[in-house]
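Notes follow once the structure below has been shown.
Residue numbers count from 1 along this sequence. A quick note: this is a predicted structure, and the numbers were derived from the prediction, not measured.
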Amino acid sequence: MKKQYIQMALCLAIVAILFAGCQPAKNQQDQKKPNILFIMTDDHSLQTFSAYDNRFIETPNLDRIGEEGAIFRNSFVTNSICGPSRAVMLTGKHSHRNGHINNSLTFDGSQMTFPKLLKANGYQTSIVGKWHLRSLPTGFDNYEVLIGQGDYYNSDFIANGDTIPSEGYVTNVITDKSINWLENRDAEKPFCLLVHHKATHRIWQPDTALFHLFKNREFDVPETFFDDYQNRQAAAEQRMHIANDMDLVYDLKLLDEEGKIQTKYRKNYEHMIAQLTPEQREAWDKEYDPIIEDFKSRNLEGKELALYKYQRYMQDYLRCVASVDNNIGRLLNYLEEKGELDNTLIVYSSDQGFYMGEHGWFDKRFMYEQSLRTPLVMRYPKVIKPKTQLHQLVQNIDYAPTFLDVAGLKVPADMQGESLVKLFNDKDADWREAIYYHYYEFPNEHMVKRHYGIRTGRYKLIHFYNDIDKWELYDLVDDPNEMVNLYDHQSMQDLISKLKKQLKELQEKYEDTDLSTY
Ligand code: SGN
Ligand code: CA
C-alpha cells in the first residue's frame, strides 16, 4: 500500500516536472510580442480597391488582408493631404496639435511618435519608402526614404544619412528593400516596419512590365463627372479638374515631338522621362507612341476631350494600383514562408482617398467623401476574427494608439485617437459618433479653400473659411454624391444648430478653437 503511494507520488512529481519544463516555452510563445507591418500608399482611392469597389480593378492581395482580418467601412482622415496625414499617423494627434498642418512645413521630429515608443520597448523599427516630412526620420533603427516625392523610376533614397541611387520601378524597389531589411533584422526582437509607397501618386507612371494591363478597357464614367457645382462655391473654384487642369503631356504622357499637343509642363515631363534607362525608355515609347498618334488623329474637343482624358488617367492609375497589389502579395508571401504571418499585425491604408473623376476631379483635399475616406484593412488572427466588417467612424489619429495597444504598451494621454483593438473585442463597443476634419493648404496648386467640419453617420457640415465664408450641409443617405447643399433649406435649420453645437464640442475636445492662428 505504502509502496503504491510512493510510486504514484513519484509519477505525479515526474509529470509536474515535465509540465513545468514545457511551461516557459508555451508562455514565451504566448508572450511573443506581435510584429507590426504598416503598409501605406499615397492617394489610393477606395474606388480602386476591390474589397470596397470592384468596378475598375481586382486587388486580390489587398483584399486578402481584409478577408482574413477586418475591413473598416468608415475609415477617414483628419486632413486630406500627404505630409499632414503622415504626421497624424505618427503622433496620433490632429494636425493643429502636431504642428504639421500643410505640406510646406518641416515636421518636428523631436515630438513623441509611436515608432519611438515601440523602439524604446524592444522593437526594431524601420521605414522604407515615402516620408515627405522634410526633416529626417526619428524613432527608427533603419530608414530608407525617398527624397520629397521621390521618382517612379530609378529613384534616389536617403538610407540612414547616405544618398543611394536605386535602379528599378519604385514600388518593386521599396518592396525589395523592405524584404532585405526583414531578412537581415535581429530575429530575436519583434519588428515594426513601415512600407510606405510612392504609388499611386500623380503622375501615375506605371511599371513598364504592366503595360499590357487595361488595354482597350472603357471605364464607366462617374455620374458626377460633369458636375456644375451649383450652390458650392469652393467646389467651383478649385483647380483639380480633369477637363481644365489635367495636363495632356505631363499627366497623360502625350508628348509629341512637334509640340502640337499643348502643355504647361513640357520641361517637367522631359526631365522625368530622361531618367529612364535605355530599356525602360524603349518600352515607354513603344507603349505611348501609338497612343499619341491615335490621340492626334482624333482632334477631340470639349466634353469628348474631357472623357478621353478620364480614360487615359484611369488606365495609368490602375496600372500603378496593380503594382502595389502584386508587391503586397510578395510581402505577404515572404512573411508566410518565414512563419511570421500570423504573429504580425498587418495594416494597409493610404494617406487619403482620391477622386477618380467624381465631380470631374483628380487629387484630394476636400472633405467630400472620396478624399475624406481612406482604405483601411487589418489582419492579425490572434485578435481579429477573419471577415470582420467594422462600420464605426475611425480616423487616422487611431492608428498610433492601436499599434501601441497591440504591442501591450500604454497609450500616452495626449494622443487624441483611440485604440481600435476595443472594436475587435466587441463590435458594439462604445465609440465616437462624429469625426472632426480640418484642411489648411490654401492658396496652393489645386486651390482648395481652407475648411473644417463634422461628419456623423448621416450628415456632413462643412465651413469654408479664410478668403471665403460658406457653409455646406449634406445628407449622405439621400445624397451620397454630395451634390445638393442643404445649408439654406428652411427644414434643415434645427439640424444645423445641433450639428454646429456638436462641431464646437469636437473643436473643444481636440483643442482647435482658435482658427485665427493659421
Ligand atoms: C504635388 C502634385 C500635386 C499634389 C501635391 C500633394 N503635383 O505637388 O498634384 O496635390 O503633390 O500631394 S506634381 O506636379 O508634383 O505631381 S501629396 O499627396 O504629396 O500631398
Ligand atoms: Ca497623398
Side-chain angles (χ1 to χ4, degrees), residues 37 39-68 71 128-130 146 149-155 168-179 195-220 222 251-253 272 276 279-280 283-284 286-288 291 309-334 346 348-357 362 364 370 374-377 379:
L37 173 64
I39 310 169
M40 189 165 78
T41 40
D42 196 336
D43 297 359
H44 185 199
S45 57
L46 275 77
Q47 304 91 297
T48 59
F49 183 150
S50 51
Y52 288 99
D53 184 341
N54 61 7
R55 286 173 300 160
F56 302 119
I57 189 172
E58 288 300 324
T59 49
N61 295 298
L62 285 169
D63 293 4
R64 180 185 169 190
I65 303 174
E67 270 284 301
E68 296 176 359
I71 177 161
V128 182
K130 191 165 175 182
L146 296 168
Q149 298 281 5
D151 296 304
Y152 270 105
Y153 278 92
N154 314 323
S155 197
Y169 183 67
V170 74
T171 310
N172 304 333
V173 172
I174 289 171
T175 309
D176 293 344
K177 287 181 187 291
S178 301
I179 291 177
V195 180
H196 285 189
H197 286 289
K198 169 180 174 60
T200 53
H201 194 272
R202 193 182 181 194
I203 54 173
W204 319 293
Q205 285 174 263
D207 182 351
T208 55
L210 298 188
F211 278 147
H212 61 283
L213 297 179
F214 307 104
K215 285 252 188 234
N216 310 315
R217 266 279 297 272
E218 181 85 18
F219 301 105
D220 286 348
D251 290 307
L252 303 180
K253 296 102 185 167
M272 195 261 315
L276 302 179
E279 297 74 38
Q280 290 162 351
W284 194 262
K286 193 165 164 237
E287 170 64 15
Y288 291 111
I291 298 178
K309 288 169 91 175
Y310 167 73
Q311 297 292 339
R312 263 288 36 253
Y313 161 50
M314 291 296 281
Q315 189 178 55
D316 283 347
Y317 182 101
L318 290 168
R319 289 164 166 169
C320 293
V321 176
S323 279
V324 166
D325 190 65
N326 293 342
N327 276 287
I328 287 172
R330 286 178 60 207
L331 261 182
L332 297 179
N333 288 343
Y334 174 83
I346 300 172
Y348 176 84
S349 182
S350 170
D351 63 344
Q352 20 53 220
F354 213 65
Y355 294 93
M356 311 306 310
F362 63 103
K364 52 263 180 174
Q370 288 78 11
T374 197
L376 182 64
V377 285
R379 183 191 190 281

(request) Find the distance between CD1 (I328) and CG (L331) and round it off to the nearest 0.5 Å. (result) 7.5 Å
(request) Ignoring hydrogens and angles, tell me if any N or O in the side chain of Q315 forms a donor-acceptor pair with the backbone of F214 under 3.5 Å. (result) yes
(message) Could you report the tightest heavy-atom contact between L213 and R319, atom names first, then the distance?
(response) O-NE, 3.0 Å
(request) Could you tell me which non-hydrogen atom of Q205 sits nearest to which non-hydrogen atom of Y169, and how far apart they are? (result) O-OH, 2.7 Å
(request) With the side chain counted from C-beta on, respond yes when V170 and L146 share a heavy-atom pair under 4.5 Å apart, and no when they do not. (result) yes
(request) Indicate the atoms forming the closest heavy-atom contact of V377 with G66, along with that distance. (result) CG1-CA, 3.7 Å
(request) Compare all side-chain heavy atoms of Y348 with those of L62 and state whether any distance is below 4.5 angstrom. (result) yes
(request) Determine yes or no for a side-chain-to-main-chain donor-acceptor pair under 3.5 angstrom, with T59 supplying the side chain and S50 the backbone. (result) yes
(request) Apply side-chain contact (heavy atoms from CB on, under 4.5 Å) to D251 and list each qualifying residue two or more places apart in sequence or on a separate chain. (result) R202, I203, W204, M246, D247
(message) Under 3.5 Å, is there a donor on one side chain and an acceptor on the other for D43 and T200?
(response) no
(message) Rounded at 0.5 Å granularity, tell me how far SG in C320 sits from CD1 in I57.
(response) 10.0 Å
(request) Measure the OG1-CD distance between T48 and E58 for me, rounded to the nearest 0.5 Å. (result) 12.0 Å
(request) Compare all side-chain heavy atoms of H197 with those of K130 and state whether any distance is below 4.5 angstrom. (result) no
(message) When you measure from the side chain of R217 to the backbone of F56, do you find a donor-acceptor pair of N or O atoms at a distance under 3.5 Å?
(response) yes
(message) If we ignore hydrogens and angles and just use 3.5 Å, is the side chain of Q311 paired with the main-chain N or O of F219 as donor and acceptor?
(response) yes
(message) How close do P222 and G357 get, counting heavy atoms only, and between which atoms?
(response) CG-C, 3.6 Å
(request) Just do the side chain to side chain contact (heavy atoms under 4.5 Å, CB included) check on Q149 and H201 with the steps written out, would you? (result) CA-CA 9 Å; Q149 298 281 5; H201 194 272; 3.5 Å; yes
(request) Could you tell me the separation between the OH atom of Y52 and the CG atom of D63, rounded to the nearest 0.5 Å? (result) 10.0 Å
(request) Take I179 and R330, measure what side chain to side chain contact (heavy atoms under 4.5 Å, CB included) needs, and give me the verdict at the end. (result) CA-CA 9 Å; I179 291 177; R330 286 178 60 207; 4.1 Å; yes
(message) One pair to check against side chain to side chain contact (heavy atoms under 4.5 Å, CB included): L332 and I65. What are the steps and the verdict?
(response) CA-CA 9 Å; L332 297 179; I65 303 174; 4.1 Å; yes
(request) Determine whether the side chains of H44 and Y317 contain a donor N or O and an acceptor N or O closer than 3.5 Å. (result) no
(request) Just jot down the salt bridge (charged side-chain N to carboxylate O under 4.0 Å, His left out) partners of K177, sequence neighbours excluded, or say none. (result) none
(request) Taking atom types as modelled, find out whether S178 and T175 have a side-chain donor-acceptor pair closer than 3.5 angstrom. (result) no
(request) Establish, for the pair K286 and F211, whether the NZ or CZ atom is under 6.0 angstrom from the six-membered ring centre and no further than 45 degrees off its axis. (result) no
(message) With side-chain hydrogen bond (donor to acceptor under 3.5 Å, both in side chains) as the test, pick out the partner of N327 among N172, T171, N61.
(response) N172
(request) Can you sort out the partners of E68 under side-chain contact (heavy atoms from CB on, under 4.5 Å), two or more places apart, ordered by chain and number? (result) R64, R379
(request) Check the pair Y153 / M272 against side chain to side chain contact (heavy atoms under 4.5 Å, CB included), numbers first and verdict last. (result) CA-CA 9 Å; Y153 278 92; M272 195 261 315; over 6 Å; no
(message) Has S45 got a side-chain atom pairing as donor or acceptor with Y355's backbone, closer than 3.5 angstrom?
(response) no
(request) Enter the distance from M314:CE to K309:NZ here, rounded to the nearest 0.5 Å. (result) 15.5 Å
(request) Say whether, by atom type as modelled, one donor and one acceptor occur between the side chain of N154 and the main chain of G168 under 3.5 angstrom. (result) yes
(message) Any heavy-atom pair between the side chains of F49 and N54 that's under 4.5 Å?
(response) no
(message) Using the ring centroid of each side chain, check whether Y310 and F362 are separated by less than 6.0 Å.
(response) no
(request) Indicate yes or no: at least one non-hydrogen side-chain atom of D53 is less than 4.5 angstrom from one of L46. (result) no
(request) Please report the closest heavy-atom contact between Q280 and T208, naming both atoms and the distance. (result) O-CG2, 3.9 Å
(message) Testing the basics here: between D316 and P206, what is the closest heavy-atom pair and its distance to 0.1 Å?
(response) OD1-CG, 3.5 Å
(request) Would you mind checking if K364 and D351 are paired as a salt bridge, meaning a charged N to carboxylate O distance below 4.0 Å? (result) no
